[in-house]
Amino acid sequence: MRYWLMKSEPDVYSIADLAKDPEEIWDGVRNYQARNFLREMAVGDQAFFYHSNTKPPGIVGLMTIIEADIVDPTQFDSANKYYDPKSEPENPRWRTVKVGYGETFPQSITLDALKATFSPEELLVVKRGNRLSVMPVDAAIATRLLEMGRQG
DNA sequence: GCCAACGTTGGC
DNA sequence: GCCAACGTTGGC
């Protein structure tokens, strides 16, 4: 079982949205490095939910991968923001996963707290200028994050 | 709202 | 294949 971190802007899609409707296809990722990580995910993996572009940014909870290697349906929908005219239905370019709601931490782990605790080598999200929206988290780091998040 | 970081596109 | 221009992300 592996751990991951996945970013979303809460104005677009937040952990409260996932809690309300607790299964969701994580669509709209259009970056190859992020997609490659999505394709490595397996059912049962755990992912930290990170709120970006908000005050304060940080890890707000946990979710579970409940279905792996799904074709992202938005790539073929010309009305959708994430429509990709270059993706062929017989060879879809963008794949993703379905996530299930896990838990919301009593208090989010802010980016400031993450930076104070972890080096960029330990946790990529604290690296300045990092724009990757899906990334792996080392198991030992994940354990510490769970302790930080659950104690609130 | 600004801007640094950085991925993508397209001309050559 | 290089690289300038451009667009997007995301912290501040």
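Note that the structure is predicted; figures quoted are calculated from it, not measured. So that the names make sense, note that chain A is the first sequence line, chain B the second, and so on, each numbered from 1.
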A/R30 CZ to C/dG10 P, in whole Å, measures 15 Å

Does A/K55 reach a base, just sugar-phosphate, or nothing at all? Heavy atoms under 4.0 Å. nothing

Distance below 4.0 Å between A/Y32 side-chain N/O and B/dC6 OP1 or OP2: no

Whole angstrom is fine here: how far is it from NZ in A/K7 over to P in C/dT9? 11 Å

Return the nearest nucleotide to the side chain of A/K86; candidates are C/dG10, B/dT8, B/dT9. B/dT9

Distance below 4.0 Å between A/R128 side-chain N/O and B/dA4 OP1 or OP2: no

Counting only side-chain nitrogens and oxygens, does A/K127 get under 4.0 Å of the OP1 or OP2 atom of C/dG11? no

Compare the minimum distances between each of B/dG7, B/dT9, C/dG11 and the side chain of A/P57, then state the nucleotide with the smallest one. C/dG11

Rounding to a whole Å, what distance do you find between A/L132:CG and B/dA5:P? 17 Å

Between A/G129 and A/N53, name the one whose nearest nucleotide on DNA chain B is closer to the 5' end. A/N53

Is any NZ, NE, NH1 or NH2 atom of the basic residue among A/E103 and A/R150 found under 4.0 Å from an Asp or Glu carboxylate oxygen of the other? yes

Once you round it to whole Å, what is the distance between P of C/dT9 and NZ of A/K81? 7 Å

To the nearest angstrom, how far is A/L114 atom CG from C/dG11 atom P? 11 Å

Distance, rounded to the nearest Å, where A/D11 contributes CG and C/dT9 contributes P: 14 Å

Euclidean distance, atom CG of residue A/L124 to atom P of C/dG11 [Å, nearest integer]: 13 Å

Is it true that A/D72 and A/R30 have a side-chain N and a carboxylate O under 4.0 angstrom from each other? yes

Do we see a donor-acceptor contact under 3.5 Å between the side chains of A/Q75 and A/D84? no

Interatomic distance where CD belongs to A/Q33 and P belongs to C/dT9 [whole Å]: 15 Å

Looking at the rings of A/F49 and A/W4, which for Trp means the six-membered one, are their centres under 6.0 Å apart? no

Using a strict cut-off of less than 4.0 Å between a Lys/Arg side-chain nitrogen and an Asp/Glu carboxylate oxygen, indicate whether A/R2 and A/E40 qualify as a salt bridge. yes

